[in-house]
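Computed from a predicted structure; not experimentally measured. In what follows, every heavy atom counts, from backbone to side chain, and hydrogens, waters and symmetry copies are set aside.
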Amino acid sequence: MTVNWSQVNLVLLDMDGTLLDLHYDNYFWLQHLPKRYADIHGLTLAKAEAFLTARIEATRGQLHWYCIDAWANYLQLDLNTLKQETAHLIRLRPDTETFLQRLQQLQLPFVLATNAHPHSVKLKFSHTNLSKYFCDPESIISAHDLGAAKEAPEFWQALQQQLDFNPTHTLFIDDNLSVLTQAKAFGIGQVIAVANPDSQQPARLLPGFTNIHDFSELFSQQVDH
């Protein structure tokens, strides 16, 4: 069995790339935003892409890298409106609802632990059925509420203080190698990597972790390392 469910008292779930198809975010930040930035600021697409790529790489993994307000201020753009322009691409991964329903059947508490800005969480909830499963505000925790990104140990310390959970008996699922590494270092008992976060990109295995392509694998014998 991929997960020892008898040892799990809490399930922590990432949002983008885990419960949701990461294609929306990749398309917005890598394709749509450069085009709109070029149009609005009168730049060539190449210059807009170079500028945005440099900024993205310089701040990757930091809390303000995930902050819509910080990006809007820096770029002088209404990002909330721009993100609505591609909102039709927001969708759950095919197996997400079945998995969440399975957790409900097991009567296991699960919490959304995301780096996404609250504006992004609100937008994505409005275009999916996630609110059906995370109806309690306390079951949705943004890194912005805790003051640190999931890549930082401070996030996990603050999360444990807020939820009062036992890391050893916690399952965490994410698609970000840096985040998974930090969760493991904090002592999360079972850490699972999503190998195919973007439906439009090839799967890739994250080293050092059990990788899954479908949540059903969490209940089977077949795993990839």
- Item | Check: I140 and L130 side chains under 4.5 Å, non-hydrogen atoms | no
- Spacing of L52 atom CG and L75 atom CG [to the nearest 0.5 Å]: 6.0 Å
- Query: Is there a donor-acceptor contact under 3.5 Å from the side chain of D95 to the main chain of F215?
  - Reply: yes
- Quick one: which of V194, I192, L205 gives a side chain to side chain contact (heavy atoms under 4.5 Å, CB included) with N211? L205
- Task: Check R91 against H88 and note the closest heavy-atom contact, atom names and distance.
- Result: NH2-O, 3.8 Å
- Query: Is the backbone N or O of N4 less than 3.5 Å from a side-chain atom of Q190, with the two atoms forming a donor-acceptor pair by type?
  - Reply: yes
- Just by modelled atom types, is the V179 backbone N or O under 3.5 Å from a matching donor or acceptor in the N176 side chain? yes
- Query: Considering residues at least two apart in sequence or located in another chain, which fulfil the ring-ring contact (aromatic ring centres under 6.0 Å, His included) criterion with F165?
  - Reply: none
- Query: With a cut-off of under 6.0 Å to the ring centre and 45° to the axis, is K184 in cation-pi contact with F209?
  - Reply: yes
- Item | Non-hydrogen atoms of W29 and K83 that approach each other most closely | NE1-NZ, 4.1 Å
- Does the pair K150 and Y66 meet the rule for a side-chain contact (heavy atoms from CB on, under 4.5 Å), with working shown? CA-CA 11 Å; K150 291 191 292 183; Y66 298 99; over 6 Å; no
- Message: How long is the straight-line distance from OH of Y133 back to OG1 of T96, given to the nearest 0.5 Å?
- Response: 9.5 Å
- Message: Using every non-hydrogen atom in the two residues, find where D145 and P118 come nearest and quote the distance to one decimal.
- Response: OD1-CG, 4.4 Å
- Closest contact, heavy atoms only, D25 versus K124: OD1-NZ, 2.7 Å
- Query: Does H41 reach the main-chain N or O of A48 with its side chain, forming a donor-acceptor pair under 3.5 Å?
  - Reply: no
- Give the C-alpha distance, both sets of side-chain angles, the deciding distance and a yes or no for side-chain contact (heavy atoms from CB on, under 4.5 Å) between L77 and W71. CA-CA 8 Å; L77 294 174; W71 277 104; over 6 Å; no
- Message: Please report the interatomic distance CG(N115) to CH2(W65), rounded to the nearest 0.5 Å.
- Response: 8.5 Å
- Item | Verify same cluster id: I212, V8 (apolar side-chain graph, 4.5 Å) | yes
- Note on the structure: To the nearest 0.5 Å, atom CZ of F134 lies from atom CZ of F125 at 6.0 Å
- Message: In this structure, would L177 and F186 fall into the same cluster of hydrophobic residues linked by side-chain contacts under 4.5 Å?
- Response: yes
- Query: Do M15 and V11 belong together in a cluster built from hydrophobic side chains that touch within less than 4.5 Å?
  - Reply: yes
- Aromatic ring pairing Y24/F28, orientation class (parallel under 30°, perpendicular over 60°, tilted between): parallel
- Message: Looking at Q161, I want to see if its CD is surrounded by more than 12 non-hydrogen atoms of other residues, nucleotides or ligands under 6.0 Å.
- Response: no
- Rounded to the nearest 0.5 Å, what separation is found between the CD1 atom of I141 and the CG atom of L13? 11.5 Å
- Query: Does F99 have R93 sitting over its ring (NZ/CZ under 6.0 Å from centre, angle to axis within 45°)?
  - Reply: no
- For H117, which residues count as a ring-ring contact (aromatic ring centres under 6.0 Å, His included) partner, sequence neighbours excluded? H119, H144
- Query: Run the side chain to side chain donor-acceptor pair (under 3.5 Å) check on N26 and Q201 step by step: do they pass?
  - Reply: CA-CA 10 Å; N26 284 339; Q201 297 293 329; over 6 Å; no
- Query: Has the side chain of S142 got a donor or acceptor atom that lies under 3.5 Å from a matching backbone atom of A116?
  - Reply: yes
- Nearest atoms (heavy-atom pairs only) where L79 meets A72: CD1-N, 3.7 Å
Please table the atom pairs, donor to acceptor, closer than 3.5 Å between any side-chain atom in residues 102-113 and protein atoms at least two apart or in another chain.
none

- Could you give the distance from CZ (F172) to CD (Q182), rounded to the nearest 0.5 Å? 10.5 Å
- Message: Grouping I, L, V, M, F, W and Y whenever their side-chain heavy atoms are under 4.5 Å apart, do L43 and L45 come out in a common cluster?
- Response: no
- Does the side-chain contact (heavy atoms from CB on, under 4.5 Å) test come out yes or no for D14 and L19, once each step is laid out? CA-CA 7 Å; D14 173 50; L19 298 181; over 6 Å; no
- Is the backbone of L123 close enough, under 3.5 Å, to the side chain of S126 for a donor and an acceptor to pair up by distance? yes
- Test side-chain contact (heavy atoms from CB on, under 4.5 Å) applied to R204 and D175, step by step: CA-CA 10 Å; R204 78 286 185 270; D175 64 296; 4.2 Å; yes
- Query: Where the side chain of T170 meets the backbone of I188, is there a donor-acceptor pair that is under 3.5 Å apart?
  - Reply: no
- Message: Check for me, please, whether L20 and I173 land in the same ILVMFWY cluster - side-chain distances under 4.5 Å, paths through other members count.
- Response: yes
- Item | For the student: nearest non-hydrogen atoms of A193 and L206, plus distance | CB-CD1, 3.9 Å
